[in-house]
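Working notes, structure below.
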Amino acid sequence: MSEFIPVYVYFGLVLVVTLIVLGVSVLFPSIKTNRVKFLPYESGIQTETHLQQERFNLHHYLVALIFLVFDIEVIFLYPWAVVGKQIGPFAFYEMGFFLLVLLVGFIYVWRKGGLEWE
């Protein structure tokens with residue numbers, strides 16, 4: 001039990017810092033808006049809505065997240081491919097399961113239309 005004390009201290013500090021940040025954000029809300037906030041940044045797309053009153057299209061962000069998820073796959077596959085023969089059949093089946101889960105996620109995103117660009 002004593003070997004987990006640093007973990008408990010860490011979780012306690014995370015909880016305290018989180019509560020402090022949330023408390024400060026409640027005490028000092030950011031209601032002011034200015035025109036600079038609604039100017040196009042790097043995309044060049046002019047925002048036509050008030051972001052605080054209307055919903056913002058999240059399609060670009062979802063495409064970026066999907067790209068990150070499938071890009072992480074390559075990061076996990078490369079080291080496995082380098083030492084694949086040395087670590088035995090268990091690693092082969094484990095990586096097969098990992099690829100199966102990613103394939104199911106890819107099919108889900110494909111059927112939901114997440115890869116379609118308008």
Side-chain angles (χ1 to χ4, degrees):
M1 187 70 169
S2 64
E3 56 211 24
F4 290 110
I5 290 177
V7 175
Y8 296 141
V9 169
Y10 176 74
F11 284 141
L13 286 173
V14 167
L15 181 68
V16 168
V17 169
T18 303
L19 291 176
I20 288 172
V21 169
L22 287 175
V24 168
S25 69
V26 167
L27 291 175
F28 304 108
S30 173
I31 299 175
K32 298 179 186 178
T33 59
N34 54 18
R35 295 190 54 79
V36 175
K37 224 179 199 183
F38 297 105
L39 290 176
Y41 180 57
E42 290 181 358
S43 64
I45 299 172
Q46 191 71 267
T47 52
E48 300 171 1
T49 62
H50 262 29
L51 298 179
Q52 293 178 342
Q53 283 85 19
E54 297 180 26
R55 295 191 72 167
F56 189 70
N57 187 8
L58 295 176
H59 184 72
H60 298 1
Y61 301 109
L62 292 176
V63 169
L65 287 175
I66 291 167
F67 171 75
L68 284 175
V69 166
F70 291 115
D71 194 41
I72 296 296
E73 170 189 1
V74 174
I75 294 172
F76 285 122
L77 280 177
Y78 182 73
W80 174 80
V82 170
V83 294
K85 288 185 179 179
Q86 298 169 352
I87 50 181
F90 176 73
F92 176 76
Y93 295 123
E94 186 177 350
M95 190 52 66
F97 179 72
F98 176 71
L99 290 174
L100 180 69
V101 170
L102 282 174
L103 181 66
V104 168
F106 178 71
I107 292 171
Y108 174 78
V109 168
W110 191 359
R111 288 200 177 170
K112 287 290 185 180
L115 301 175
E116 295 176 8
W117 198 262
E118 297 174 6

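Each residue takes its place number in the sequence, starting with 1.
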Open item on the list: Tell me every residue that passes side chain to side chain contact (heavy atoms under 4.5 Å, CB included) with Ile107, counting only those two or more places apart in sequence or in another chain.
Closed with: Leu103, Arg111

Open item on the list: Does Trp110 have more than 12 heavy atoms from other residues, nucleotides or ligands lying within 6.0 Å of its CH2?
Closed with: no

Task: Spacing of CD1 belonging to Ile72 relative to CZ belonging to Phe67, to within rounding of 0.5 Å - done: 9.5 Å

Open item on the list: Would you say that more than 12 heavy atoms from the other residues, nucleotides or ligands in this model lie under 6.0 Å from the CZ of Phe11, or not?
Closed with: no

- [ ] Establish whether Ile75 and Leu99 are linked, either directly or via other cluster members, by ILVMFWY side-chain heavy-atom contacts under 4.5 Å.
- [x] yes

Open item on the list: Are Phe98 and Val101 connected into the same hydrophobic cluster when the rule is that any two of I, L, V, M, F, W, Y join if their side-chain heavy atoms are below 4.5 Å apart?
Closed with: no

Open item on the list: Please say yes or no: joined through hydrophobic side-chain contacts below 4.5 Å, possibly via intermediate residues, are Ile20 and Leu22 part of one cluster?
Closed with: no

- [ ] Locate the shortest heavy-atom distance separating Met95 from Phe76; write the atom from each residue and the value.
- [x] CE-O, 3.8 Å

Open item on the list: Rounded to the nearest 0.5 Å, what separates atom CZ in Phe106 from atom CD in Glu73?
Closed with: 10.0 Å

TODO: Indicate, with yes or no, if Val24 and Leu27 share a hydrophobic cluster defined by side-chain heavy-atom contacts under 4.5 Å among Ile, Leu, Val, Met, Phe, Trp and Tyr.
DONE: yes

Task: Closest contact, heavy atoms only, Phe70 versus Leu102 - done: CE2-O, 3.6 Å

Task: Partner residues of Val21 under the side chain to side chain contact (heavy atoms under 4.5 Å, CB included) criterion, sequence neighbours left out - done: Val17

Task: Spacing of Asp71 atom CG and Leu65 atom CG [to the nearest 0.5 Å] - done: 12.5 Å

Open item on the list: To the closest 0.5 Å, what do you measure between CD1 (Ile87) and CZ (Phe92)?
Closed with: 11.5 Å

